Amino acid sequence: MVVASPSPTHPEKVQFIELPIIDLSAERSKVIKLVIKACEEYGFFEVINHGVSHDIITRMEEQGLGFFAKPLGDKQKAGPATPFGYGCKNIGFNGDVGEVEYLMLGTNSLSIVERSYAISNDPKMFSSAVNGYIEAVTGLACEILELMAEGLRVHDSSVFSKMIKDVDNDSIFRLNHYPPILCNNNNNNNKDPSFHANKVGFGEHTDPQILTILKSNDVGGLQVKSQVDDEDHGVWVPVPPHPTAFCVNVGDVLQAMTNGRFMSVRHRAMVTNTSKSRMSMAYFGAPPLHTCLTPPIELVTPHKPLLYRPFTWDEYKKASHSLRLGDSRLHLFKISTATWFCIQFSS
């Protein structure tokens with residue numbers, strides 16, 4: 001993963017906006033239109049009636065919270081996160097920190113079984129919960145990606161989903177735990193202006209992969225950046241926890257593969273004064289390392305020329321790891337108008 005950006009120097013705006021909640025059980029053509037609209041306007045939406053059972057979600061939540069409830073020394077036996085394993089405070093490779101501890105796993109079922117012995121006192125139960133959850137959310141991600149392809153009128157509706165179905169996919173699963181920040185009321189007496197201030201749990205960033213499927217418990221903290229102004233300040237939109245919904249957001253790869261039609265949205269996790277911790281479970285769908293990433297031919301036209309040069313996931317992943325979390329990565333792969341004319345001429 002990549003790292004947290006410095007604290008902002010400009011005033012931040014927080015605004016309550018109703019973000020899309022899409023019922024996947026509705027009529028298919030309606031769902032497709034809503035998904036396309038959400039990806040173009042927000043890069044983020046929530047889905048309900050998604051087909052992932054309550055039991056699968058509950059089992060994974062119980063196993064995750066059980067791990068984070070362990071003494072620090074026991075949790076550290078599952079680390080360090082290089083990249084898989086347990087990490088605390090330190091995020092990524094460049095020394096930045098957040099109010100977070102996490103457990104990073106690959107999505108290969110055999111790898112999860114092996115790692116479970118260092119994670120859980122009941123490795124069989126833990127690996128069963130994780131593998132069951134990953135299988136379910138991978139299926140959900142594929143369903144959503146195929147709805148997207150159909151809505152974009154791409155001939156091959158599996159053009160996006162087949163990358164995360166590939167046996168060599170580079171998808172990851174991450175549990176983020178944000179312990180509560182408890183303040184002493186006697187000392188603060190609610191007069192300290194920082195008493196109600198939020199702390200950054202995980203800094204502003206976009207996800208480099210194709211698509212993210214996120215589920216969290218009933219504690220708020222997720223914020224999505226919307227309505228970006230000319231100075232790229234934007235507005236932070238809090239996303240209230242939903243009891244049954246999954247959050248879905250477009251990743252950098254999908255923005256590139258839709259030729260900029262979909263937006264990879266900036267988001268962050270804040271930690272507020274609360275008596276309850278927040279835990280999120282994030283599935284990041286990614287292609288195999290050496291997959292060449294470029295838009296389907298239907299999405300490149302004279303009126304919408306190619307925005308990004310073709311690149312592999314391995315190349316993009318290395319670029320992501322070399323930059324700060326808040327840094328833009330896609331601009332490194334953007335092609336100029338002159339380059340586009342050269343491509344057209346040579347073809």
Side-chain angles (χ1 to χ4, degrees), residues 1-5 39 42-44 81-84 87 90-94 96 98 100 102 104-107 134 137-138 141-142 144-145 148 159-166 168-176 201-214 222-225 228 232 247-269 280-295 307-335:
M1 296 296 287
V2 281
V3 298
S5 54
C39 291
Y42 297 101
F44 174 95
T82 54
F84 301 130
N90 294 313
I91 305 171
F93 305 99
N94 298 322
D96 288 313
V100 64
Y102 60 90
M104 184 98 79
L105 299 168
T107 57
I134 288 173
V137 294
T138 301
C142 289
I144 293 170
L145 288 169
M148 291 174 177
V159 65
F160 306 131
S161 63
K162 65 185 178 185
M163 291 187 290
I164 61 175
K165 288 180 179 178
D166 192 299
D168 294 321
N169 74 81
D170 194 46
S171 303
I172 58 176
F173 178 55
R174 179 174 178 135
L175 295 168
N176 284 331
F202 204 104
E204 174 182 349
H205 64 287
T206 62
D207 294 337
Q209 296 89 356
I210 303 171
L211 194 75
T212 302
I213 306 289
L214 178 77
L222 175 63
Q223 295 182 349
V224 175
K225 206 168 195 180
V228 176
D232 196 29
C247 298
V248 181
N249 65 268
V250 172
D252 295 349
V253 165
L254 191 55
Q255 177 172 320
M257 290 198 69
T258 59
N259 205 27
R261 185 165 171 182
F262 290 176
M263 177 174 61
S264 181
V265 63
R266 288 177 175 268
H267 53 285
R268 66 184 182 183
S280 63
M281 307 182 295
Y283 165 84
F284 302 95
L289 287 173
H290 299 295
T291 302
C292 183
L293 302 167
T294 195
L307 290 179
Y308 308 100
R309 68 171 178 83
F311 55 87
T312 66
W313 169 237
D314 184 52
E315 186 179 4
Y316 195 78
K317 186 177 179 181
K318 287 175 180 175
S320 298
H321 287 178
S322 70
L323 299 172
R324 301 181 70 83
L325 188 62
D327 291 342
S328 174
R329 299 174 287 265
L330 272 175
H331 80 280
L332 298 176
F333 299 84
K334 201 163 187 176
I335 60 176

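Remember, predicted model here, so these are calculated numbers, not experimental data.
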Taking side chain to side chain contact (heavy atoms under 4.5 Å, CB included) as the definition, give me every residue that meets it alongside [X], ordered by chain and number, with sequence neighbours left out.
X: D314; result: L289, H290, T312, K318
X: N249; result: F44, D207, T212, V265, H267
X: T138; result: I134, C142, Y283

(request) Can you tell me which residue pairs pass the salt bridge (charged side-chain N to carboxylate O under 4.0 Å, His left out) test with a partner in residues 283-295, sequence neighbours excluded? (result) none
Between atom [atom1] of [X] and atom [atom2] of [Y], what is the distance when rounded to the nearest 0.5 Å?
X: T107; Y: F173; atom1: OG1; atom2: CZ; value: 10.5 Å
X: R309; Y: L293; atom1: CZ; atom2: CG; value: 11.0 Å
X: Q209; Y: S320; atom1: CD; atom2: OG; value: 7.5 Å
X: R268; Y: K225; atom1: CZ; atom2: NZ; value: 8.0 Å
X: I164; Y: D170; atom1: CD1; atom2: CG; value: 12.5 Å
X: L175; Y: M104; atom1: CG; atom2: CE; value: 10.5 Å

Just so I know, are the side chains of [X] and [Y] near enough to count as touching, which here means a heavy-atom distance under 4.5 Å?
X: F84; Y: I172; answer: yes
X: M257; Y: M163; answer: yes
X: P208; Y: F284; answer: no

Heavy-atom pair with the smallest gap, counting every atom of [X] and [Y]:
X: S171; Y: A286; answer: OG-N, 3.0 Å
X: W313; Y: P287; answer: CD1-O, 3.3 Å
X: M148; Y: C39; answer: CE-SG, 3.5 Å
X: T294; Y: P310; answer: OG1-CG, 3.9 Å
X: C247; Y: L222; answer: SG-CD2, 4.0 Å

(request) Could you pull out all residues at least two apart from S280 that satisfy side chain to side chain donor-acceptor pair (under 3.5 Å)? (result) none
(message) Checking the side chain of N169 only, and the main-chain atoms of D166 only, is there a donor and an acceptor separated by less than 3.5 Å?
(response) yes
(message) Can a donor-acceptor pair be found, under 3.5 Å and without considering hydrogens, that links the side chain of R329 to the backbone of T206?
(response) yes
(request) For a side-chain contact (heavy atoms from CB on, under 4.5 Å) with F160, tell me which candidate from I144, L211, L254, V253 qualifies. (result) L254
(message) Suppose we screen for ring pair (Phe, Tyr, Trp, His ring centres under 6.0 Å). Which residues come up paired with F333, at least two apart in sequence or across chains?
(response) F311, Y316
